[in-house]
Undergrad: 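Starting off with a structure, shown below.
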Amino acid sequence: MNTRNETTAPPVAFLPDYLCRTYAWAYLSPRTMPWLDRMPVVSAILWGNAGRLMRWAVDRFAQGDSVLQAACVYGALSPMLARRVGVDGRLDVRDVAPIQIANVRRKLAGLPQARAEVFDLVEPLDERFDGVCCFFLLHEVPEPERRRIVANLLAAVRPGGRAVFVDYHRPRRGHLLAPVMAAVFRWLEPFAESLLDVPLETLAAEARDFDWHKETRFGGLYQLVVATRR
């Protein structure tokens with residue numbers, strides 16, 4: 001038996017209210033999860049950019065790294081990260097929803113360097129990592145929880161390590177998809193608008209210990225931010 005995929009953290013007492021109210025259909029339903037967790041669906045949601053965005057994040061890590069993945073992600077990101085760090089590295093996936101942890105364990109079968117645990121990222125983490133990968137999580141949480149999550153993720157980075165954030169960003173003026181995305185955010189992503197114009201380094205006091213680098217893609221619709229601990 002591969003014990004690295006067994007939960008060692010204490011179980012979460014309850015699911016966050018914002019998750020149950022806003023995203024139960026997407027992340028807590030056993031009926032919709034198998035459909036959403038397909039790369040063609042993920043790619044369609046991200047306008048054909050899913051593979052590029054995942055590689056954009058994964059390429060920031062190296063063989064032998066210990067990496068924390070902040071929350072489960074639909075599609076191939078977790079296996080990609082596990083293969084990137086290799087058997088000499090380690091991938092820890094932590095998510096507040098047990099159904100998501102069960103699903104990602106299935107995807108990580110056969111990759112002994114990976115494990116998945118139920119854990120609420122608004123709580124401080126119990127160890128440090130060479131790297132942290134936060135892929136399209138921050139736009140899905142309310143601002144108070146977002147600040148706590150960013151602070152906890154930064155605190156979990158070892159000296160010389162990095163936190164990698166990929167998420168939505170305010171598209172450039174005249175972007176053809178800007179009105180479409182504005183409607184999507186109003187309808188399905190009520191917390192996204194509060195993230196689009198906010199520099200991530202302003203979200204936590206811990207940011208002062210890091211050097212920050214930001215890039216955007218697809219007309220500014222997506223951002224990659226790398227925070228390297230000095």
Side-chain angles (χ1 to χ4, degrees), residues 39 42-63 65-85 89 91 121 129-141 143 146-147 149-182 184-185 189 191-230:
M39 276 302 292
V42 178
S43 190
I45 291 170
L46 294 174
W47 302 104
N49 292 288
R52 296 186 190 94
L53 293 170
M54 289 179 183
R55 289 190 295 272
W56 203 20
V58 169
D59 287 350
R60 268 60 189 179
F61 304 102
Q63 290 281 314
D65 278 350
S66 62
V67 174
L68 168 69
Q69 180 186 316
C72 296
V73 175
Y74 285 145
L77 179 71
S78 298
M80 288 170 66
L81 276 171
R83 294 187 179 100
R84 180 69 172 182
V85 302
L91 174 66
L121 293 165
F129 301 84
D130 298 318
V132 170
C133 183
C134 184
F135 191 86
F136 283 92
L137 169 65
L138 298 183
H139 76 280
E140 294 187 331
V141 296
E143 188 173 0
R146 182 184 302 149
R147 290 181 176 275
I149 289 171
V150 171
N152 290 334
L153 295 183
L154 294 178
V157 177
R158 293 182 180 132
R162 72 213 70 87
V164 177
F165 301 90
V166 177
D167 220 306
Y168 288 110
H169 183 267
R170 180 76 64 192
R172 290 198 292 266
R173 184 179 301 230
H175 197 298
L176 293 179
L177 291 175
V180 177
M181 293 307 302
V184 169
F185 292 153
E189 307 275 12
F191 312 118
E193 184 67 29
S194 63
L195 174 72
L196 301 184
D197 298 311
V198 177
L200 300 190
E201 62 266 30
T202 67
L203 295 179
E206 289 79 1
R208 62 177 176 265
D209 299 323
F210 290 76
D211 295 319
W212 293 79
H213 174 75
K214 173 180 172 180
E215 302 176 37
T216 61
R217 290 287 190 276
F218 202 54
L221 183 58
Y222 307 117
Q223 62 178 320
L224 178 141
V225 178
V226 178
T228 304
R229 183 182 282 277
R230 291 189 290 272

Undergrad: So, taking the atom named NE2 in H213 and the one named CG in L224, what distance separates them when rounded to the nearest 0.5 Å?
TA: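 Taking NE2 in H213 and CG in L224, the distance rounds to 7.5 Å.
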
Undergrad: Side chain to side chain contact (heavy atoms under 4.5 Å, CB included), that's the test. Do R170 and H175 meet it? Break it down for me.
TA: CA-CA 10 Å; R170 180 76 64 192; H175 197 298; over 6 Å; no

Undergrad: Look up atom CZ in F61 and atom CD in Q69, then write down how far apart they are to the nearest 0.5 Å.
TA: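 Nearest 0.5 Å value for the CZ-CD distance: 9.5 Å.
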
Undergrad: Are L121 and N152 close enough that some pair of their side-chain heavy atoms sits under 4.5 Å apart?
TA: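 Of all side-chain heavy-atom pairs linking N152 with L121, none is under 4.5 Å.
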
Undergrad: Quick check: are there more than 12 heavy atoms from other residues, nucleotides or ligands sitting under 6.0 Å from CZ of R230?
TA: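 Atom CZ in R230 is crowded, with more than 12 foreign heavy atoms closer than 6.0 Å.
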
Undergrad: Work out which heavy atom in R84 is nearest to a heavy atom in Q63; give both atom names and the distance.
TA: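 Scanning both residues, the minimum pair turns out to be O-NE2, 2.6 Å.
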
Undergrad: Tell me whether R162 contacts the main-chain N or O of V226 through its side chain, where contact means a donor paired with an acceptor under 3.5 Å.
TA: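 Looks like no, no N/O pair under 3.5 Å.
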
Undergrad: Could you give the distance from CD1 (I149) to CD (E140), rounded to the nearest 0.5 Å?
TA: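 Going from CD1 on I149 over to CD on E140, the span is 10.5 Å.
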
Undergrad: Consider ring-ring contact (aromatic ring centres under 6.0 Å, His included). Of F218, F135, Y222, which one does Y168 pass it with?
TA: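 That would be Y222; it is the only one of F218, F135, Y222 passing the ring-ring contact (aromatic ring centres under 6.0 Å, His included) with Y168.
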
Undergrad: Under 3.5 Å, which donor-acceptor pairs do the side chains of residues 199-210 form with other protein atoms, sequence neighbours left out?
TA:
{"from": "T202", "atom 1": "OG1", "to": "P199", "atom 2": "O", "distance (Å)": "2.6"}
{"from": "R208", "atom 1": "NH1", "to": "A205", "atom 2": "O", "distance (Å)": "3.0"}

Undergrad: Hey, are D130 and S66 close enough side-chain-wise for a donor-acceptor pair under 3.5 Å?
TA: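 On atom types as modelled, these side chains qualify, holding a pair under 3.5 Å.
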
Undergrad: Nearest 0.5 Å, what's the NE2-CD distance between H139 and E189?
TA: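 Separation between the atoms: 3.5 Å.
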
Undergrad: Side chains of V132 and F165: closer than 4.5 Å at any heavy-atom pair?
TA: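 Counting from C-beta outward, V132 and F165 never come under 4.5 Å.
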
Undergrad: Return the set of residues passing side-chain contact (heavy atoms from CB on, under 4.5 Å) with P179 (not counting sequence neighbours), or none when no residue passes.
TA: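 By the side-chain contact (heavy atoms from CB on, under 4.5 Å) rule, P179 matches no residue at all.
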
Undergrad: Mind checking what makes side-chain contact (heavy atoms from CB on, under 4.5 Å) contact with T216, not counting sequence neighbours?
TA: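 With sequence neighbours excluded, T216 shows a side-chain contact (heavy atoms from CB on, under 4.5 Å) to H169, K214, Q223, given in chain and number order.
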
Undergrad: Could you check if a side-chain atom of W47 sits within less than 4.5 angstrom of a side-chain atom of L177, using non-hydrogen atoms only?
TA: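 SC-SC contact between W47 and L177 confirmed.
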
Undergrad: So, using side-chain contact (heavy atoms from CB on, under 4.5 Å) as the criterion, who are the partners of A50 when residues are at least two apart?
TA: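 If we apply the side-chain contact (heavy atoms from CB on, under 4.5 Å) test to A50, skipping adjacent residues, the hits are M39, V42, S43, L46.
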
Undergrad: Do R52 and R217 have side chains that approach each other closer than 4.5 Å (heavy atoms only, starting at C-beta)?
TA: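 No - every pair of side-chain heavy atoms lies 4.5 Å or more apart.
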
Undergrad: To the nearest 0.5 Å, tell me how far M54 CE sits from F136 CZ.
TA: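 So the CE of M54 and the CZ of F136 are separated by 9.0 Å.
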
Undergrad: To check you understand the geometry: which heavy-atom pair defines the closest contact between R146 and L138, and what is its length?
TA: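 For R146 versus L138, the nearest heavy atoms are NE-O, 2.9 Å.
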
Undergrad: Please indicate whether R172 has more than 12 foreign heavy atoms, meaning atoms of other residues, nucleotides or ligands, lying under 6.0 Å from its CZ.
TA: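 Not more than 12 within 6.0 Å, no.
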
Undergrad: Please check: side-chain N/O of R60 versus main-chain N/O of W56, any donor-acceptor pairing under 3.5 Å?
TA: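 Present.
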
Undergrad: Looking only at heavy atoms, what is the nearest atom pair of L154 and A227, with distance?
TA: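 So the two residues come closest at CD2-CB, 4.2 Å.
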
Undergrad: List for me each residue that meets side-chain contact (heavy atoms from CB on, under 4.5 Å) alongside V85, sequence neighbours excluded, and say none if there are none.
TA: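 With neighbours one apart ignored, the set is D65, V67, Q113.
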
Undergrad: Not counting sequence neighbours, which residues clear salt bridge (Lys or Arg N to Asp or Glu O under 4.0 Å) with D167? List them please.
TA: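 Checked D167 against salt bridge (Lys or Arg N to Asp or Glu O under 4.0 Å); zero matches.
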
Undergrad: Considering all heavy atoms of both residues, which atom of A70 and which atom of L137 are nearest to each other, and what is their separation?
TA: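 Distance-wise, the nearest heavy atoms are O-CD2, 3.8 Å.
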
Undergrad: Does the side chain of L81 come within less than 4.5 Å of C133's, by heavy atoms?
TA: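 Of all side-chain heavy-atom pairs linking L81 with C133, at least one is under 4.5 Å.
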
Undergrad: Hey, could you give me the CG/SG distance between L77 and C72, rounded to the nearest 0.5 Å?
TA: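 L77 atom CG to C72 atom SG measures 10.0 Å (nearest 0.5 Å).
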
Undergrad: Quick check: closest heavy atoms across P79 and A76, and the distance to 0.1 Å?
TA: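 So the minimum-distance heavy-atom pair works out to CD-O, 3.2 Å.
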
